[in-house]
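The shown structure was predicted, so the numbers you read here are calculated from the model rather than taken from an experiment. Counting starts at 1 for both ligands and their atoms, in listed order.
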Amino acid sequence: MSKLFTPVTLGAPNGPGLALRNRTVLAPMCQYSVTNHDGVPHQWHLTHLGARATGGFGLVFTEATAITAQGRISDQDTGIWNDEQVSAWAPIVEFIHSQGAAAGIQLAHAGGKASTYPWLPKFIGANSVGSMDVGTGGWETLSASATDALGLRVPTIMSFDDISASISAWAQAATRADAAGFDVVQIHAAHGYLIHQFLSPLSNQRTDDYGGSYENRTRYLREVIKAVRSAWPAHKPLAIRFSGEDWVQDGWRISDTVRFAAEAYELGVTSFDISSAGIGTYHGPSGPGYQVSLAAAVKAAVPESFVTAVGMINEPEQAEQILVTGAADGVSIGRAALKNPNWPAVAATVLHEPRENTPFAEQYWRAHW
Ligand SMILES: Cc1cc2nc3c(=O)[nH]c(=O)nc-3n(C[C@H](O)[C@H](O)[C@H](O)COP(=O)(O)O)c2cc1C
């Protein structure tokens, strides 16, 4: 049996944890498809996530789902700030479960990267990229600092009241995620969005308790974790997605990520997914597995946690190798799963898994051969 298709349990502070049928994880991917602009997921989200559940993923993550309307990247993002959204997510979660996959939600606040045009060809083709202005469908954005480092409209600095209101919103979103039936919450702390804006010296120029030293820049995330962990049931795993590196000398570095992951584990975060970058121009490497070494550093520092690697992990043998060498416990698959929703089931056949262990939907079982 391959490592990739060896079941695993994602630990939680209380209880047995969450059993996953295999170690393939659908990476969170924005769909920019809420054309009603109300954050309510619909048939597209059911079909998109449902197809990847039938395709065999062990854990299916939603796209970045906003904890407040103001925290949306675009006005076509999904949300989880009201009960109508909970009711719309619940049947999607139920379908994912019916296919043998676990359901995770990525909770997100875009901060100073909110209020942008949806990243879809029709907008890009019309040259509608970057900030959507207030008055033309956009809204005021908030961040740690009034910085232009994000390459977008300069956001408003968050006051202490804004910070405490946002922390309540993270907790309420976690409560709602539980009500919708999700198994895992992943806090989006990557890609230059609000939490990363606090973590990184590139975007955080505050001189109060939330800026300056490592201790101060990580304070917001520590408070978010504590609030979410107390709202989210202790028997359910809590995860974080980090940008492990800004790939800039004076930015947020892998040493910071490793240090913080160990602290987060003590606060009840049992899983980490390690991506990179998101603030300003990209200075990092590219190519197959270009972020695996970042995941490996976190895995080495917090061996008890469940760590996933992400980024151009496209081939089954490549994924297997990452796990066999101990660099990570699982793999998050993004674009390869857009190309092929059955990526895990096909990977199982490539790795010569027996049919019983090949996660094709029952209806597709004859595709095993
Ligand atoms: C269409 C698309 C949407 C994405 N949206 C998100 C998102 O909502 N949240 C997130 O953390 N990353 C997002 N990403 C990044 C992916 O999760 C992943 O980290 C990245 O694509 C690298 O993995 P890959 O090479 O397997 O695609 C998105 C990527 C794509 C292609």
Visitor: State, without any angle test, whether D246 and H283 hold a side-chain donor-acceptor pair at a distance under 3.5 Å.
Guide: no
Visitor: Considering only the protein, which heavy-atom contact is closest to atom 30 (C) of ligand 1, and what is its distance?
Guide: M29 CG, 3.8 Å
Visitor: Which ligand 1 atoms does H188 reach within 4.0 Å, using its non-hydrogen atoms?
Guide: 9 (N), 10 (C), 11 (O)
Visitor: Just jot down the ligand 1 atoms closer than 4.0 angstrom to any heavy atom of H191, in number order.
Guide: 10 (C), 11 (O), 12 (N)
Visitor: Any protein heavy-atom neighbour for atom 2 (C) of ligand 1 (distance below 4.0 angstrom)?
Guide: yes
Visitor: Take the angle between the ring planes of Y220 and F198 and call it parallel below 30°, perpendicular above 60°, tilted in between.
Guide: parallel
Visitor: Could K236 and D178 be called an ion pair, given the rule that one side-chain N must be under 4.0 Å from one carboxylate O?
Guide: yes
Visitor: Between E266 and R222, is the closest basic N to carboxylate O distance under 4.0 Å?
Guide: no
Visitor: Can you tell me the protein heavy atom closest to atom 19 (O) of ligand 1 and the distance?
Guide: R241 NH2, 3.1 Å
Visitor: Find out whether the Lys NZ or Arg CZ of R217 is both under 6.0 angstrom from the six-membered ring centre of W252 and within 45° of the ring's axis.
Guide: no
Visitor: Only heavy atoms of Q106, strictly under 4.0 Å: list the atoms of ligand 1 that pass.
Guide: 7 (C), 8 (O), 9 (N), 10 (C), 11 (O)
Visitor: Considering only protein heavy atoms, which is closest to atom 6 (C) of ligand 1, and at what distance to one decimal place?
Guide: P28 O, 3.0 Å
Visitor: Which residue and atom name correspond to the protein heavy atom nearest atom 5 (N) of ligand 1, and how close is it?
Guide: C30 N, 2.8 Å
Visitor: Closer than 4.0 angstrom, basic N to acidic O: yes or no for R241 and D273?
Guide: yes
Visitor: Based purely on interatomic distance, does L338 place a nitrogen or oxygen under 3.5 Å from a nitrogen or oxygen of ligand 1?
Guide: no
Visitor: Does the plane of the ring in H45 sit parallel, tilted or perpendicular to the ring in H42? Use 30° and 60° as the thresholds.
Guide: perpendicular
Visitor: Does an N or O anywhere in M312 fall below 3.5 Å from an N or O of ligand 1?
Guide: yes
Visitor: Which of the atoms in ligand 1, numbered in the order shown and given with their element, are less than 4.0 Å from a heavy-atom of A27?
Guide: 17 (O)
Visitor: Nearest protein heavy atom to atom 26 (O) of ligand 1, by residue and atom, and its distance?
Guide: G334 N, 2.9 Å
Visitor: Can you find a non-hydrogen atom of G311 under 4.0 Å from ligand 1?
Guide: yes
Visitor: Hey, does R335 come in under 3.5 Å of ligand 1, counting only N/O atoms on both sides?
Guide: yes
Visitor: Establish whether L107 and W89 are linked, either directly or via other cluster members, by ILVMFWY side-chain heavy-atom contacts under 4.5 Å.
Guide: yes
Visitor: Parallel under 30°, tilted from 30 to 60°, perpendicular over 60°: which one fits the rings of F242 and F272?
Guide: parallel
